[in-house]
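Some notes on the structure that comes next.
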Amino acid sequence: MAMKILVTDKIVDEGIDILKGKGYEVDERFGLSPNELLECVGAYDALIVRSATQVTREVIEAATNCKIIGRAGVTCDNIDVDAASEHGILVCNVPTSNIVSAAEHTMALMLSAAREIPAADAAMHAGKFSRDRFMGHELYEKTLAIFGLGRIGGLVAERAHAFGMRVVGFDPYCSAARASQLGVTLFDSMDEVLPIADFITVHVPRTDGTYHMFAAEQFAQMKDGVVIVNTARGGVIDEKALSDFMAAGRVFACGIDMLEAEPSAETPLAEFDRAVLTPHLGANTLEAQMRAGVNIARYVANGLEGLVVPTVVNMVSKEVDEAAAAYIPACQMCGSVLTQLAREVPKALSIVASGSCAGDMQVLSAATLSGMLSREGQASVSTENADASARRHGIKMEAQQASDSRGYDSIVSMEADGLEISATVPGAHREVHVVSILGYRLDVVPGDHALIFTYADEPGQVGRMGTILGEEGINISTMAIGKRADCREVLVFLNVESEPSSEVIERVAQAIDATNSWAIRL
Ligand SMILES: NC(=O)C1=CN([C@@H]2O[C@H](COP(=O)(O)OP(=O)(O)OC[C@H]3O[C@@H](n4cnc5c(N)ncnc54)[C@H](O)[C@@H]3O)[C@@H](O)[C@H]2O)C=CC1
Ligand SMILES: O=C(O)CCC(=O)C(=O)O
């Protein structure tokens with residue numbers, strides 16, 4: 001009998017087709033009440049949701065046949081992940097699927113609020129051509145404060161620079177290296193940032209610690225005429241306090257995609273023309289939904305078939321030390337990169353871990369091996385079968401702890417068939433930073449598609465790469481250049497937003513006279 005998958009929030013048809021094409025029975029049932037979900041979920045082997053469905057402990061307890069829950073988006077805050085782990089259910093997401101869309105929506109809200117575009121548009125539609133009523137503000141040479149310099153905050157920083165803004169930020173978990181790479185002046189406290197910002201944008205997760213992180217006390221410290229944008233989560237901003245400061249004319253305008261009352265439109269901000277409100281549209285683009293829907297379908301199918309799911313956010317097979325668990329995605333990713341650098345599954349793997357993550361080398365080894373084999377579509381690697389799996393593939397594997405964590409809280413370094421990679425996961429947000437590849441030191445957060453080139457360090461090389469990729473319509477989302485003390489060559493790591501063809505890669509390689517090139521897919 002075919003396995004059954006329940007999809008309770010709309011994902012793209014292409015994702016549904018992938019599942020049906022693999023022989024699964026797929027039921028799309030949107031807008032279920034909590035009781036309806038509880039009643040039907042027990043019949044399904046997998047569940048796919050976006051942000052609307054609340055997958056509570058009760059739902060998980062009722063999902064007695066469920067093996068995997070797929071979240072077609074970034075955040076899993078609508079899923080009780082602990083309950084899923086306790087019930088042996090994998091939870092996976094698509095962590096970079098919609099971040100560009102969310103960053104672009106942030107810029108759209110910032111510009112709309114600063115120029116009062118919705119109110120001007122409404123006036124035009126009402127037949128009023130009233131230019132004098134609207135006097136906006138430029139972004140140019142203004143100070144933008146970004147709270148939360150993770151994936152989306154980082155993309156917003158890059159975009160703000162293109163508008164000529166000065167970018168400052170506050171994120172207790174952001175490294176100085178990342179801030180400097182993003183061109184953001186990092187401050188140690190909110191109190192230092194609030195009085196200097198002309199524009200404020202929020203990109204933090206909703207946690208107990210960030211609930212009402214912007215309340216009357218914080219608004220009182222802001223400059224008069226500030227513009228505030230929130231595309232993160234409702235509740236991070238106290239909407240009542242914000243509307244008081246809007247009413248007093250202290251806040252010029254705001255752009256809000258996330259309301260505390262979601263999915264209701266109820267908010268005290270609704271009475272202000274200068275409050276630009278959207279109903280959680282950050283991820284609502286064809287491109288983001290295509291990435292999210294197609295990839296979540298692939299990952300859920302992988303989970304049901306016992307294959308590697310690259311974006312699992314929990315570990316269900318064994319009690320895992322929390323610090324080691326945070327390094328599972330890092331090890332999976334490094335393993336996958338090593339196989340792609342070697343252009344085949346390497347035959348010898350050595351893992352060295354230092355710092356707090358080194359408490360469970362068995363988990364780190366299994367995760368690395370699972371990443372190494374993932375490109376081959378090999379069966380899932382767990383802590384229980386890692387040794388046997390390595391033997392089956394003829395891989396000699398060794399793992400050890402080291403005392404020197406090179407200034408990081410924790411770091412994992414791997415060498416496979418002479419190829420090296422090291423990664424760290426700073427702070428609580430679990431973003432994997434690669435800090436060394438093939439001995440070249442850098443700091444990069446790899447995305448879904450990346451290009452790596454090694455070449456002679458000469459002026460004009462970056463421009464040549466950018467020109468060719470631009471001509472081919474391939475956008476570079478981030479770039480890092482790695483150096484080695486012993487060598488005049490550099491290594492460039494380009495995160496790109498779409499997969500270039502081998503002809504394009506060859507064109508770039510020739511233009512910069514690259515000594516080596518790789519296309520990496522994660
Ligand atoms: N509007 C929409 O449709 C979408 C909204 N989101 C939301 O955007 C937010 C950011 O997403 P990502 O950038 O992917 O997350 P991320 O995990 O990459 O970054 C979050 C950052 O916030 C920082 N942070 C945590 N607590 C903080 C605090 N108290 N003060 C300052 N910084 C703090 C973390 O260190 C981290 O760097 C999330 O809340 C997510 O739910 C994500 C996608 C779409
Ligand atoms: O696409 C969605 O359902 C919501 C996007 C979002 O907020 C997220 O990915 O965290």
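Atoms within a ligand are numbered from 1 in the order they appear, just like the ligands themselves.
- Remark: the Tyr24 side chain and the Asp45 side chain contain no N/O donor-acceptor pair separated by less than 3.5 Å.
- Residues Thr231 and Thr106 have side chains that bring a donor and an acceptor to within less than 3.5 angstrom of each other.
- Of all atoms in ligand 1, numbered sequentially from 1 with element shown, those under 4.0 Å from a heavy atom of Phe170 are 30 (N), 31 (C), 32 (N).
- Classification of Asp448 and Arg291 as a salt-bridged pair fails, no side-chain N sitting under 4.0 Å from a carboxylate O.
- Close approach of ligand 1 to Met213 is summarised as follows: ligand atoms under 4.0 Å from at least one heavy atom of the residue are 30 (N).
- Judged by distance alone, the side chains of Asn78 and Ser51 never bring a donor and an acceptor atom under 3.5 Å apart.
- Shown in contact with Met258 at under 4.0 Å from a heavy atom are these atoms of ligand 1, numbered in order with element: 1 (N).
- With a 4.0 Å cut-off on non-hydrogen atoms, Asn98 touches ligand 2 through its side chain and not its backbone.
- Near Ala283, meaning under 4.0 Å from any of its heavy atoms, are these atoms of ligand 2: 1 (O), 5 (C).
- Ligand 1 places these atoms under 4.0 Å from at least one heavy atom of His203: 10 (C), 20 (C), 21 (C), 22 (O).
- For atom 7 (O) of ligand 2, the closest non-hydrogen atom of the protein is His280 NE2, 2.7 Å.
- Checking Glu116 against His137 by side-chain atom types alone, no donor-acceptor pair falls below 3.5 Å.
- Ring geometry for Phe214 versus Phe147: interplanar angle over 60°, hence perpendicular rather than tilted (30 to 60°).
- Shortest contact from atom 9 (O) of ligand 2 to any protein heavy atom: Val74 N, 2.6 Å.
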